[in-house]
Amino acid sequence: MIEFFEFSNEMLCVADSRGYFVRVNQAWTKTLGWPAEELLNRPYLDFVHPEDVQSTTREAELLLSGAHETISFENRYRCQNGSYRWLSWYVKLKFDSGQLIAAARDITADKLQTEALRESEERFEAFMDNSPAIAWAKDEQGRIVYFNKAYEDRFHVRLSDWIGKSDFDLWPSDVAETFRQNDNAVLTSGVPLSVTGETTMDDGSHTTWRSVRFVFSDRHDGKLIGGIAIDITDLKQVEDALASERELLRSVIDTQEKEKQILCHEVHDGVIQNAVGSLMMLESYQEMNPPGNGSELINKVINCLRQGVEDGRRTIQGIRPPFLDESDLESAVRELAEYTSATGITVTTKCELGTVRLPDMLQTTVYRLIQESLNNAMKHSGTEAATVELKRDGGHVFMEVRDFGCGFKLGDARKRGLGLKGMMERVRLFGGECTIESEPNKGTRIIARLPIDS
C-alpha cells in the first residue's frame, strides 16, 4: 500500500484537519516541481491561487462538517517556478483520524483547450453578430442549426424558434426547392457555390441576394452547409442602370455612324460628283478650244475643282471610308494604312480575320480604334513606322497598333486629350478589354480584344 501511494502516477496527498500537508507522493514533485520536504507541515491553501482560496475553503469545510463523505472540485495550484496549473481534486475524509486523503489530476491542457475554444466561439459570435451579411448553417437534411443576428433582424425571426426547421417550413415551396437543390449541389461536389437570386419580403418587395454556400464540419453536428449572403438590390439596380446607359451609348454611336454614312453618301453623290462633272466639262472645253484670253482663268478653276474633289474624298475617308460599307474591315484598314503611309509614316498591316464578315457595328468600332491610334502616332509620336495587327482570337477580335516613337508616361495620358479615353470607352461599351502600354522613348502599344457576339 505504501509503494502504491508513493509511486502512483496520480498526485496523492494526506492533510490533517487543519489543512496542513502530512504526506505527498512523488507525482507532486514531477507535476508541480515542489520537493516533498517543502510541502510537509505547510497549509495547502498557501499554494492555491488567490482567486480560488474561498471556493477551496468552502469545499473543505463541507467535508469536515460531515455534510459529505467525498468532494470533487477544481482549482489552480502554484508550481515551484511561480506558474499555476489546473488540478481536479477528489477528496475523502478519514473519520477515525480526521485526516483528508486526496487525489489530484493535472487538467491544465484540457482547461487551456476549453478556454481557447470558448474564446474562439466568442470571437465568432461577435464577428457574426456584427456582420451586415446574413449567415446561416444547416445540417445535411436541410434543418436550421444556426443563423446570425443580421438574419434575425432582416426576417424578424429568432433562432430559438427556427432550430430544427427546414426551408420548406419557412419559405414558399418553389423558393425552398431552389435552396435545397443548391445545398445538395454543394454537398455532392464539396465545392463552394456562388448564387445570385431574389426573395420576396413580407411587404411584397423583392430583394436580390448574392450568396455563397459551402460545406464544413462541426464537432457536435458533423457535416454542415454554411451560407453567407449580402443584399445587392441597390447594386443590381445600379448595374441595370449602367447596362441601360451602355446600351443607350452604343445606340447613339451606331446612330452617329449611320448618320456619317448617309452624310458621306450625300457629299459623294452630290457635291463631289457635281464638282467632278464640272471639272470634266471644263477639261473637255479646254481640249476643244485653242488657248485664249480665258485660258488662265479656266486653268485656275480646274485646279480648284481638282483640289476640292481631293479634299472632299479625303474628308469622306476620314468620316466614313467607303471600303467599310462596300467591302470589309481588312480592306478598310489597308486603305487607311496606305493613306497614313502617304503622310510620311510607313504602316505595315497584318490582317487574319478570315472570310466571315464581322458585324457592322463591331467593324466600325475596330476601325475607329485603329484610326485614332494612327492619328495619335502621326500627331504625337514622331515615329517613322507603325504596325497594325488584326486577327480572330477565339470568340474575340484582337487588335494591336504599335508605333516606335517618343512614347509617354501613362500617368500623363489625360493630358493627351480625349482620344485615348474615347478608345477605351468604345471598347468598354462592347464588353471588351483595352490596354495601353507606353514609356518615354520606347514607343506606344495599344491592344484591344472585343467579343464578336457583342
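Below, each value reflects all heavy atoms present in this structure, side chains not excepted, and no hydrogens, waters or symmetry copies.
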*Taking atom CD of E384 as the centre, does the number of heavy atoms from other residues, nucleotides or ligands within less than 6.0 Å exceed 12?*
no
*Where F168 and R180 come nearest, the two heavy atoms and their spacing*: CE1-CB, 4.2 Å
_Heavy-atom pair with the smallest gap, counting every atom of T383 and I345_ = O-CG1, 3.5 Å
*Has E140 got more than 12 heavy atoms of other residues, nucleotides or ligands less than 6.0 Å from its CD?*
yes
*Under 3.5 Å, is there a donor-acceptor pair between the side chain of N25 and the main chain of F5?*
yes
*side-chain hydrogen bond (donor to acceptor under 3.5 Å, both in side chains) partners for E74, two or more places apart*: K111
_Distance in Å, M361 CE paired with L450 CG, rounded so as to fall on 0.5 Å steps_ = 11.5 Å
*Whether T57 side chain and V53 backbone form a donor-acceptor pair below 3.5 Å*: yes
*How long is the span from the OG1 atom in T207 to the CZ atom in R154, to the nearest 0.5 Å?*
4.5 Å
*May I ask you to decide if the ring planes of F214 and F216 are parallel, tilted or perpendicular, using 30° and 60° as cut-offs?*
tilted
*Indicate the atoms forming the closest heavy-atom contact of S341 with V347, along with that distance.*
OG-N, 3.1 Å
*Between F73 and W89, what is the ring plane arrangement, given parallel below 30°, perpendicular above 60°, and tilted in between?*
parallel
_Short N-O contact, E389 and R402, less than 4.0 angstrom_ = no
*Measuring from R123:CZ to R118:CZ, what's the distance to the nearest 0.5 Å?*
10.0 Å
*Report the distance from atom CG of D139 to atom CD1 of I163, rounding to the nearest 0.5 Å.*
11.0 Å
*Output all residues satisfying ring pair (Phe, Tyr, Trp, His ring centres under 6.0 Å) with W136, sequence neighbours left out; order by chain, then residue number.*
none
_Using only atom types and a distance under 3.5 Å, with no angle test, would you say the side chain of T343 pairs donor to acceptor with the backbone of Y339?_
no
*asked:* Could you check whether any side-chain N or O of S65 sits under 3.5 Å from a backbone N or O of L62, counting only pairs where one atom can act as donor and the other as acceptor?
replied: yes
*For A448 and L369, work out which heavy atoms get closest and say how close.*
CB-CD1, 4.1 Å
*Is it the case that more than 12 heavy atoms not belonging to Q54 sit under 6.0 Å from its CD atom?*
no
*Minimal non-hydrogen separation, E330 against L353, with atom names*: OE2-N, 2.9 Å
_Atom OH of Y90 with >12 non-hydrogen neighbours under 6.0 angstrom_ = no
*Are side-chain heavy atoms of F408 and I436 found at a separation under 4.5 Å?*
yes
*Pairwise distance CD(E10) to OG(S88) - rounded to 0.5 angstrom*: 9.5 Å
*Is the number of heavy atoms from other residues, nucleotides or ligands within 6.0 Å of CG (N184) greater than 12?*
yes
*Q363 side chain to L329 main-chain N or O, any donor-acceptor pair under 3.5 Å?*
yes
*Measure the CG-CG distance between L187 and N182 for me, rounded to the nearest 0.5 Å.*
11.0 Å
N/O donor to acceptor pairs below 3.5 angstrom from side-chain atoms of residues 30-47, sequence neighbours left out:
| unit_1 | atom_1 | unit_2 | atom_2 | d |
| --- | --- | --- | --- | --- |
| T31 | OG1 | A27 | O | 2.9 |
| W34 | NE1 | R78 | O | 2.8 |
| R42 | NH1 | E38 | O | 3.3 |

_Strictly distance-based, threshold 3.5 Å: is any side-chain N or O of H49 a donor or acceptor partner for the main-chain N or O of E51?_
yes
